[in-house]
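Everything on this sheet refers to the single structure shown next.
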Amino acid sequence: MKGFISPRLHPFVSLMLLTGFVMAGMLIGMFLATVALKLGFGYGLQQITEVMQTPLDYPDGRQALLVYQAITHFVGFTVGPAAFLYFNAHYPVDYLSPRPSVPVVLLLASAVLIVLIMPANSWLIDWNANVKFPEFLQAFEKEAKETEERLKVLTQYLTKFDSVGAMLLGVLIVAIIPAIGEELLFRGVVQQELIRWFRNPHVGIWLAAFLFGAIHFQFYGFFPRMILGVVLGYLYFWSKNIWVPIAGHFMNNGFTVFILYLQQRGSIQLDIESTEASPWYLSLVSLVISLAVMFGLHKAFRRLPMPEKEPEQSWF
């Protein structure tokens, strides 16, 4: 089936249509999540609204909020972009992965890179967390800090793991679902449309990373997220396989969940959520090794053969 969206659309118009599909997906996801909370927890509309605002006031608030978040995110960020691709007439079936497979060792190295870069990235986290605004932007700074504190408390509440099962559920909701959906959206579609628009891969990668950082609506975490998006963007551009940035994104979130679980059990003392910079020597080693790994991955991906172009097939 060929889609009804014209292949002659300007990338800007295409991105606006994509935004519409994502927003529609979010609305459908919210509806489905509301139905799920009604059936699973017996919550009515007013109670669901209260759970979203003050989940600590409800015994099942944490579980309900996790279910709501998982369904809404999956439908909005995975089903929405997938539907956009399905209805787009000029996207072949291999659009997301022109290179349909990469060696497992390169996939794993791309994921490990995200962990290796964390100490170096801690300096950016520390700087971003302590940015001071001029006097005329004090109202924005106050609001941004209050938002950051509210989200910090909420995140700590949602990531309390009292069992292996709870930790694995956290991996699903915090790592797997966001990794697939956000990479499908930002790297798989947005980045490629921006590259098509500006005819420059670097501009496309950095702009997509900027949007990736901005969509979280947290200024005091914006720049580290943007740099993560840049790294994932280049990994995708080099590998030409969507599973590479998905693996990296999954490692970033999944590693954090696993360390939090070990920390809560008392097995380790590492504070993975700290905004303080790592020691300079550790960060320097992290930066050097990360750059070396990125350089190696770049060369390795370039050496991989591309499959011969076959006649285009439509999605599904």
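Any value given below was found using the heavy atoms of this structure, including those in side chains, with hydrogens, waters and symmetry copies removed. One is the number of the first residue; the rest follow in order along the sequence.
For the pair Ala36 and Val67, the tightest heavy-atom approach, listed with the atom from each and the gap, is CB-CG1, 4.3 Å. The shortest non-hydrogen separation linking Phe301 to Trp238 is CB-O, 3.5 Å. Here the closest non-hydrogen pair linking Phe222 and Gly213 is CD1-C, 3.5 Å. Summarising the geometry of Pro224 relative to Asn128, their closest heavy-atom pair is CD-OD1, 3.1 Å, with the distance given to 0.1 Å. Among all heavy-atom pairs drawn from Ala109 and Leu297, the shortest one is CB-CD2, 3.8 Å. Nearest heavy atoms, Val244 versus Leu107: CA-CD1, 3.7 Å.
Contact check for Trp197 versus Leu207: no side-chain heavy atoms found under the 4.5 Å cut-off. Pro81 places a side-chain heavy atom less than 4.5 Å from the side chain of Val22. No side-chain heavy atom of Thr256 sits under 4.5 Å from any side-chain heavy atom of Val174. You'll find the side chain of Thr275 stays beyond 4.5 Å of the side chain of Asn130, heavy atoms only. In this structure, the side chains of Leu184 and Phe77 stay at 4.5 Å or more apart for every pair of heavy atoms. Considering only heavy atoms from C-beta on, Val79 stays 4.5 Å or farther from Ile28 through its side chain. Between Val293 and Val112 the shortest side-chain heavy-atom distance does not fall below 4.5 Å. In this structure, the side chains of Met167 and Val257 come closer than 4.5 Å at one or more pairs of heavy atoms.
If you take OG1 on Thr159 and CZ on Arg62, they are separated by 7.5 Å, rounding to the nearest 0.5 Å. A distance of 11.0 Å separates OG of Ser239 from NE2 of His298, quoted to the nearest 0.5 Å. To the nearest 0.5 Å, atoms CG (Leu235) and CZ (Arg187) are separated by 10.0 Å. For the atom pair Arg196 CZ and Leu9 CG, the distance stands at 8.0 Å (nearest 0.5 Å). We find the CD-CG distance between Glu182 and Asn253 to be 7.5 Å, quoted to the nearest 0.5 Å. Going from atom CD of Gln264 over to atom NZ of Lys160 covers 8.5 Å, rounded to the nearest 0.5 Å.
Comment: Lys145 does not engage Glu148 in a salt bridge, judged by the lack of any side-chain N to carboxylate O separation of less than 4.0 angstrom.
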Run the side-chain contact (heavy atoms from CB on, under 4.5 Å) test on Asp60 and Tyr43 for me, step by step, so that the C-alpha distance in whole Å, both residues' side-chain angles and the decisive distance to 0.1 Å come before the verdict. CA-CA 10 Å; Asp60 296 323; Tyr43 291 156; 3.5 Å; yes
Please evaluate residues Leu232 and Asn252 with respect to the criterion side-chain contact (heavy atoms from CB on, under 4.5 Å), reporting the C-alpha separation (whole Å), side-chain torsions for both, the decisive distance (0.1 Å), and the verdict. CA-CA 11 Å; Leu232 295 174; Asn252 182 74; over 6 Å; no
Full working for side-chain contact (heavy atoms from CB on, under 4.5 Å) between Ile215 and Leu185: CA-CA 12 Å; Ile215 200 68; Leu185 174 61; over 6 Å; no
Run the numbers on Leu45 and Thr34 for side-chain contact (heavy atoms from CB on, under 4.5 Å), then give the verdict. CA-CA 8 Å; Leu45 286 176; Thr34 299; 3.6 Å; yes
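At a threshold of 4.5 Å between side-chain heavy atoms, the hydrophobic network of Ile, Leu, Val, Met, Phe, Trp and Tyr places Val171 and Val164 in one connected group. Linking ILVMFWY side-chain heavy atoms closer than 4.5 Å, directly or via other members, places Leu291 and Ile114 in two distinct hydrophobic clusters. Cluster membership check: Val190 shares its hydrophobic cluster with Trp206, using side-chain heavy-atom separations under 4.5 Å among Ile, Leu, Val, Met, Phe, Trp and Tyr. Placement of Phe12 and Leu18 within a single hydrophobic cluster is found when ILVMFWY residues are connected by side-chain heavy-atom separations under 4.5 Å, directly or transitively. Linking ILVMFWY side-chain heavy atoms closer than 4.5 Å, directly or via other members, places Ile289 and Phe295 in two distinct hydrophobic clusters.
Listed by first then second residue, pairs satisfying side chain to side chain donor-acceptor pair (under 3.5 Å) with a partner in residues 280-297 read Trp123-Ser283, not counting sequence neighbours. Judged as a side chain to side chain donor-acceptor pair (under 3.5 Å), the pairs with a partner in residues 220-231 (not counting sequence neighbours) are, in order, Gln218-Arg225.
Counting only distance, with no hydrogens or angles, the side chain of Glu50 and the backbone of Tyr58 share no donor-acceptor pair below 3.5 Å. Under the 3.5 Å distance criterion, the side-chain polar atoms of Ser97 are matched with a main-chain donor or acceptor of Ile242. Using a distance-only test at 3.5 Å, with no hydrogens or angles considered, a donor-acceptor pair links the side chain of Gln138 to the main chain of Phe133. A side-chain donor-acceptor contact under 3.5 Å links Gln192 to the backbone of Gly188. Asn121 contributes no side-chain N or O that, together with a main-chain N or O of Ile117, makes up a donor-acceptor pair within less than 3.5 Å. Remark: the backbone N or O of Ala166 is not paired with any side-chain donor or acceptor of Tyr261 at under 3.5 angstrom. A side-chain donor-acceptor contact under 3.5 Å links Ser122 to the backbone of Ser278.
Cation-pi geometry between Lys38 and Phe41 is not met at under 6.0 angstrom from the ring centre and within 45 degrees of the axis.
Remark: Met52 CE is packed, more than 12 non-hydrogen atoms of other residues, nucleotides or ligands lying under 6.0 Å away. Applying the 6.0 Å contact sphere to CZ of Phe140 captures more than 12 heavy atoms from other residues, nucleotides or ligands. The number of heavy atoms from other shown groups lying within 6.0 Å of CD (Gln46) does not exceed 12.
Side-chain contacts under 4.5 Å among hydrophobic residues (ILVMFWY), followed directly or transitively, place Met23 with no other residue at all.
Using bins of under 30°, 30° to 60° and over 60° for the plane-to-plane angle, the ring pair Phe223/Phe219 lands in the perpendicular bin.
Of the options Trp243, Phe212, Phe186, a ring pair (Phe, Tyr, Trp, His ring centres under 6.0 Å) to His249 is made by Phe212 and by none of the others.
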